[in-house]
Amino acid sequence: MFTPHTAGLALLMMVTSAFCWGSWANTYKGVKNYRFELFYWDYAVGIFLTAIVFAFTLGSSVPGPDSFVNNLLGADRSNWAHALVAGIVFNLANLLLVAGIDMAGLAVAFPVAIGIALVVGVVLSYALQAKGNAALLAAGVACAVIAVVLDGKAYGSLGGSGRAVSRKSIIVCIVSGVLMGLWAPFVTHAMSSGHALGPYSIGVLFTLGALLSCFIWNIYLMKKPLVGEPVDFSGFFRASGSAHLLGLLGGVVWSVGTVFNLVAASFTGVAISYAIGQSAPMVAALWGVFVWKEFTGANARAKTYLTLMFLFYLLAIVLVAHASQAG
């Protein structure tokens with residue numbers, strides 16, 4: 001089983017995970033007339049298949065008790081349950097986050113949901129697995145939360161971005177943030193308790209939980225969407241091959257980031273790996289600036305917020321990376 005043996009390699013994997021988590025949603029921008037609830041089925045299959053590929057390649061590179069199959073079969077079944085539940089919780093959080101963005105806009109959804117997720121995920125994961133320097137980690141998380149708020153303010157300062165924000169949309173964002181933060185401690189337990197699961201085993205069970213839970217969460221949201229009209233499966237079968245491929249690609253990109261984050265966590269601890277992975281909004285903003293030109297013609301206030309956001313995220317990564325080495 002491949003795992004990083006140096007802090008530098010672990011940091012590279014965590015930064016890669018942030019890049020993937022901040023990039024996968026771009027694939028949805030390439031589809032037309034294909035509702036997100038339908039796109040999500042392709043995405044869910046993509047994340048699971050990618051985790052399987054990693055498990056039987058990097059996760060099985062060296063025979064022994066830590067290789068994927070041996071580790072999976074030798075782990076406590078309670079840890080299987082924790083990994084599956086982590087995927088189920090993540091999946092609902094992810095679907096609610098997308099709905100929250102549709103309802104309230106990035107300017108509100110990102111600060112509320114991702115800010116809460118950062119704090120909840122890091123604090124609970126560190127409580128279960130105290131790896132790294134707590135003070136540096138706390139400072140890094142504080143900088144990351146400030147960066148998320150600045151990201152929201154940057155989008156909120158764009159011309160024409162204002163919209164009425166309902167109480168319902170705020171509740172959706174809060175619930176999404178709490179759930180997005182809760183999957184990390186489930187993973188921490190599965191990775192550190194009793195006969196623990198390795199990162200590749202967790203990746204498979206986590207994504208399996210996410211895929212299977214689509215038959216609950218996604219079908220419910222197809223019938224009773226938080227935004228828009230109900231949608232049925234006929235649109236899935238009418239979609240073009242390119243739309244399905246883009247959905248699968250989105251899943252592949254996200255799953256690469258998740259497996260890398262889990263593998264890095266085997267070296268740094270989940271709290272630190274999760275904290276750096278949640279720099280994803282910075283990556284999404286980079287796509288918005290340089291590819292989608294979302295800030296073309298933006299006012300000086302938006303550009304100032306954006307610049308400060310990048311600086312605080314970079315400071316957060318430096319602090320959290322040092323927390324890993326100082327622990």
Could you tell me whether Phe2 atom CZ has more than 12 heavy atoms of other residues or ligands within 6.0 Å of it?
yes
Going by distance alone, is a donor N or O of one side chain under 3.5 Å from an acceptor N or O of the other, for Tyr34 and Asp42?
yes
Between Arg35 (side chain) and Met222 (backbone), is there a donor-acceptor pair under 3.5 Å?
no
Taking all atoms of both residues into account, what is the closest heavy-atom pair of Leu182 and Phe186, and its distance?
O-CD1, 3.2 Å
Run the ring-centre check on Tyr313 versus Phe310 and record whether the distance is less than 6.0 Å.
no
Residue pair Ser23 / Asn26, side-chain donor-acceptor N/O under 3.5 Å:
no
Matching residue for Trp41 among Phe236, Phe215, Phe48 - test: ring-ring contact (aromatic ring centres under 6.0 Å, His included):
Phe215
Using distance alone, with no hydrogens and no angle criterion, decide if Asp232 and Ser234 have a side-chain donor and acceptor under 3.5 Å apart.
yes
Can you give me the closest heavy-atom contact between Cys20 and Val256, atom names plus distance?
SG-CG1, 4.0 Å
Specify whether His189 and His82 have parallel, tilted or perpendicular ring planes, treating 30° as the upper limit for parallel and 60° as the lower limit for perpendicular.
parallel
Ser176 side chain vs Ala93 backbone, donor-acceptor pair below 3.5 Å:
yes
Taking Met309's backbone N and O only, do any of them form a donor-acceptor pair with Asp151's side chain (distance below 3.5 Å, no angle check)?
no
Looking only at heavy atoms, which two atoms of Asn79 and Ser193 are closest? And how far apart?
ND2-O, 2.8 Å
Would you call the rings of Trp183 and Phe90 parallel, tilted or perpendicular, taking 30° and 60° as the class edges?
perpendicular
For Ala275 against Val141, the heavy-atom pair lying closest together
CB-CG2, 4.4 Å
State whether the number of non-hydrogen atoms from other residues, nucleotides or ligands found under 6.0 Å of Arg77 atom CZ is greater than 12.
yes
Determine, stepwise, if the pair His322 / Asn133 fulfils side chain to side chain contact (heavy atoms under 4.5 Å, CB included).
CA-CA 8 Å; His322 276 83; Asn133 183 284; over 6 Å; no
Look at the rings of Phe36 and Trp24 and say which category their plane angle falls in: under 30° parallel, 30 to 60° tilted, over 60° perpendicular.
tilted
Flag if over 12 foreign heavy atoms under 6.0 Å of CZ, Phe233
yes
Taking side chain as C-beta onward, heavy atoms only, is Tyr155 less than 4.5 Å from Phe110?
no
